[in-house]
Amino acid sequence: MTQLKFFDFKSASLSEKAALMGRAGSSPFSSLGHSVGVRFSQELSSCRGAGVFTKASYPSNSNGTYTSKRAISSVDKEKIAAENYFYQINGTSVSSSSLFSRNVKALDACDDEYGGVVVDPDRLPVNPDAFASMLRFSLSHWKMKGKKGIWLKLPLERSELVPVAVKEGFQYHHAERGYVMLTYWIPEGPCMLPTNATHQVGVGGFVINDKNEVLVVQEKFYAPSFADLWKIPTGFILESEEIYSGAVREVKEETGVDTEFVEVIAFRHAHNLAFDKSDLFFVCMLKPLSSQIKVDDLEIQAAKWMPLVEFVAQPLIQEDGMFKKIIDICIARLGKHYCGLLPHQVVSKFDGRPSCLYYNVIDAQDVNCRGN
């Protein structure tokens with residue numbers, strides 16, 4: 001039975017390579033032997049942002065691989081990235097390209113601004129075996145080029161490629177509903193790629209009307225110890241949502257009451273919560289613009305306007321140091337003895353993007369807080 005044995009030519013010493021080339025040249029297949037060099041285009045666009053992949057310069061063939069726009073026959077020692085495989089058949093070593101004329105191409109990708117590579121998820125080869133070969137070839141090429149971190153985004157419909165990438169040394173970075181992101185750190189030493197998001201962000205809306213009544217809710221799902229607790233509306237902010245708009249939205253969704261953001265009163269930082277993530281919770285003071293309550297049946301069991309003194313007197317509020325301190329701060333703000341934070345739109349030259357900077361300035365001539 002013919003035995004097919006893989007040999008990695010790149011890992012061999014110079015003497016081993018010479019010996020192998022000598023044996024290959026004297027084999028019955030020597031007339032077919034040739035060295036394959038693939039020259040890569042440097043016209044790889046920089047990535048324009050997270051999750052955005054520009055089309056690179058490798059047109060697709062019918063077999064799902066990609067060829068360079070430049071001539072394959074051209075050989076440049078600083079740009080060449082070819083893999084030479086040797087097989088042993090019945091004890092005779094020959095070049096795999098001699099037998100199969102096998103040209104392995106690189107995955108379509110673009111450079112990022114940190115010396116890394118982002119693989120285009122929309123132009124992955126269809127066949128898992130072709131993907132494995134191209135991935136190994138690409139890693140060799142990227143190592144030769146001195147690249148650092150490799151980002152490989154595999155869409156849900158290409159999940160069969162995940163074990164292939166893991167076998168080649170890729171690690172999980174994060175996952176969303178439609179994809180899984182894997183990474184590979186090339187240089188020796190600790191990986192310097194940024195980790196997955198470490199925090200979740202929540203908001204709470206302290207809404208008080210002219211009657212000194214607080215808008216409170218009882219949740220549908222709760223621990224038995226919180227059965228009688230009336231609390232302020234809370235929830236998580238959405239992606240690309242501001243803290244202040246998230247608080248307004250959560251109050252509207254849970255109670256049906258329209259509000260206007262006033263200030264961020266305080267925030268809490270806690271660790272090792274859901275999925276071992278840290279948690280940032282922002283308490284926002286809101287001004288009611290309507291009073292009629294319409295309860296969200298999915299999450300909320302009941303909602304009402306409760307007198308402030310009655311709300312503060314709840315045993316669970318009095319016994320909990322954090323909740324009591326939050327209420328104390330809110331009351332201090334109502335009495336104009338405390339100033340929270342207001343959002344201000346600023347643009348940083350580091351990224352050129354607008355963002356919210358939360359701060360406040362107290363005018364000595366005015367007891368009210370105002371931002372400047």
Side-chain angles (χ1 to χ4, degrees), residues 45-54 112-114 118 174 176 181 194-210 214-215 232-271 273 277-290 296 322 325-327 329-372:
S45 303
S46 297
C47 299
R48 292 173 293 181
V52 179
F53 301 87
T54 49
D112 66 21
E113 57 185 312
Y114 302 104
V118 181
H174 69 272
E176 297 290 345
M181 181 71 77
T195 61
N196 184 28
T198 58
H199 287 66
Q200 59 185 15
V201 181
V203 288
F206 184 83
V207 187
I208 188 164
N209 61 20
D210 295 336
V214 181
L215 181 62
I232 63 175
T234 60
F236 293 107
I237 66 171
L238 306 176
E239 290 186 27
S240 302
E241 184 177 44
E242 298 290 350
I243 294 169
Y244 62 87
S245 57
V248 171
R249 176 188 53 77
E250 280 292 342
V251 170
K252 175 68 174 179
E253 289 179 357
E254 291 190 359
T255 68
V257 175
D258 295 309
T259 60
E260 179 183 36
F261 174 82
V262 179
E263 289 174 355
V264 170
I265 297 300
F267 68 89
R268 180 208 65 180
H269 195 193
H271 306 284
L273 299 182
K277 298 295 183 181
S278 296
D279 179 270
L280 284 167
F281 177 68
F282 292 85
V283 181
C284 302
M285 178 166 284
L286 307 176
K287 177 183 177 181
L289 301 178
S290 64
D296 173 19
M322 188 192 72
K325 177 57 68 174
I326 289 175
I327 301 306
I329 294 172
C330 291
I331 293 174
R333 177 63 185 90
L334 291 173
K336 300 180 181 179
H337 302 302
Y338 177 89
C339 286
L341 304 175
L342 288 172
H344 301 268
Q345 288 285 334
V346 295
V347 177
S348 171
K349 287 188 176 181
F350 286 103
D351 56 17
R353 298 180 180 182
S355 59
C356 278
L357 181 64
Y358 285 78
Y359 66 91
N360 220 320
V361 176
I362 300 175
D363 190 336
Q365 304 300 320
D366 188 352
V367 294
N368 291 316
C369 301
R370 67 182 183 86
N372 294 316

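What you see below is based on every heavy atom in this structure, not just the backbone, and it leaves out hydrogens, waters and symmetry mates. Note that the coordinates shown come from a computational prediction; the quantities given were computed from them, not determined experimentally.
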K.L.:
Working to the nearest 0.5 Å, report the span between CD1 of Ile326 and CZ of Phe267.
P.N.:
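Interatomic distance, Ile326 CD1 to Phe267 CZ, rounded to 0.5 Å: 12.0 Å.
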K.L.:
Could you go step by step and tell me if His344 and Cys356 meet the side-chain contact (heavy atoms from CB on, under 4.5 Å) rule?
P.N.:
CA-CA 5 Å; His344 301 268; Cys356 278; over 6 Å; no
K.L.:
Please name the pair of heavy atoms, one in Glu263 and one in Leu342, separated by the smallest distance, quoted to 0.1 Å.
P.N.:
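That would be CG-CD2, 3.8 Å.
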K.L.:
Between Lys287 and Val207, is there a side-chain heavy-atom distance shorter than 4.5 Å?
P.N.:
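They are not in side-chain contact.
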K.L.:
Looking only at heavy atoms, which two atoms of Cys284 and Ile243 are closest? And how far apart?
P.N.:
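In this case the closest contact between Cys284 and Ile243 is SG-CG2, 4.0 Å.
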K.L.:
So does Gly340 get a backbone contact from the side chain of Asn360, meaning a donor-acceptor N/O pair under 3.5 Å?
P.N.:
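Yes.
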K.L.:
Identify the heavy atoms of Thr255 and Pro233 that sit nearest to each other, and give their distance.
P.N.:
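Between these two residues, the closest heavy atoms are CG2-CG, 4.1 Å.
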K.L.:
Closest heavy-atom contact between His271 and Ser278?
P.N.:
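It is ND1-OG, 2.8 Å.
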K.L.:
How close do Ile208 and Pro288 get, heavy atom to heavy atom, and via which atoms?
P.N.:
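Minimum heavy-atom contact is O-CD, 3.3 Å.
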K.L.:
What is the minimum heavy-atom distance between Leu341 and Tyr359, and which atoms define it?
P.N.:
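For Leu341 versus Tyr359, the nearest heavy atoms are CD2-CA, 3.8 Å.
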K.L.:
Counting neighbours of CG on Asp210 that are heavy atoms of other residues, nucleotides or ligands and sit closer than 6.0 Å, is the number greater than 12?
P.N.:
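For Asp210, atom CG is not crowded (no more than 12 foreign heavy atoms under 6.0 Å).
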K.L.:
With sequence neighbours excluded, tell me which residues meet side-chain hydrogen bond (donor to acceptor under 3.5 Å, both in side chains) with Glu253.
P.N.:
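With neighbours one apart ignored, the set is Arg249.
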K.L.:
Suppose we screen for side-chain contact (heavy atoms from CB on, under 4.5 Å). Which residues come up paired with Ser355, at least two apart in sequence or across chains?
P.N.:
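Val346.
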K.L.:
Let's go through Ser348 and Arg353 carefully: what are the C-alpha distance in whole Å and the side-chain angles of both, what is the deciding distance for side-chain contact (heavy atoms from CB on, under 4.5 Å) to 0.1 Å, and is it a yes or a no?
P.N.:
CA-CA 6 Å; Ser348 171; Arg353 298 180 180 182; over 6 Å; no
K.L.:
Check whether any side-chain heavy atom of Ile329 lies under 4.5 Å from a side-chain heavy atom of Ile331, and answer yes or no.
P.N.:
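Answer no - side chains too far apart.
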K.L.:
Show your working on side-chain contact (heavy atoms from CB on, under 4.5 Å) between Leu286 and Val251 and close with a plain yes or no.
P.N.:
CA-CA 9 Å; Leu286 307 176; Val251 170; 3.6 Å; yes
K.L.:
Does a sphere of radius 6.0 Å around NZ in Lys277 hold more than 12 heavy atoms from other residues, nucleotides or ligands, not counting ones at 6.0 Å or beyond?
P.N.:
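Correct, the count exceeds 12.
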K.L.:
Please examine the side chains of Asp279 and Arg268, heavy atoms only from C-beta on, and report whether any two atoms are closer than 4.5 Å.
P.N.:
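The answer is yes, as the side chains (C-beta and beyond) meet within the 4.5 Å cut-off.
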K.L.:
Give the C-alpha distance, both sets of side-chain angles, the deciding distance and a yes or no for side-chain contact (heavy atoms from CB on, under 4.5 Å) between Phe206 and Val214.
P.N.:
CA-CA 7 Å; Phe206 184 83; Val214 181; 4.1 Å; yes
K.L.:
Evaluate the side-chain proximity of Tyr338 to Ile265: yes if any heavy-atom separation is below 4.5 Å, no if none is.
P.N.:
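When only atoms from C-beta onward are counted, Tyr338 and Ile265 do touch, with a gap below 4.5 Å.
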K.L.:
Look up atom CG in Leu280 and atom CD in Gln200, then write down how far apart they are to the nearest 0.5 Å.
P.N.:
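Here the rounded value is 9.5 Å.
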K.L.:
If I take atom CD from residue Glu254 and atom CG from residue Leu215, how far apart are they, to the nearest 0.5 angstrom?
P.N.:
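Result: 9.5 Å between the selected atoms.
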K.L.:
In the structure I gave you, are the side-chain heavy atoms of Lys252 and Asp258 within less than 4.5 Å of one another anywhere?
P.N.:
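They are in side-chain contact.
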K.L.:
Are any of the side-chain heavy atoms of Phe281 and Val203 separated by less than 4.5 Å?
P.N.:
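No. Closest side-chain heavy atoms not under 4.5 Å.
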K.L.:
How long is the gap from CD on Gln345 to CD on Glu242, to the nearest 0.5 Å?
P.N.:
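That separation rounds to 6.0 Å.
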K.L.:
Mind checking whether Tyr358 and Phe261 have parallel, tilted or perpendicular rings, split at 30° and 60°?
P.N.:
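Rings of Tyr358 and Phe261: perpendicular, as their planes differ by over 60°.
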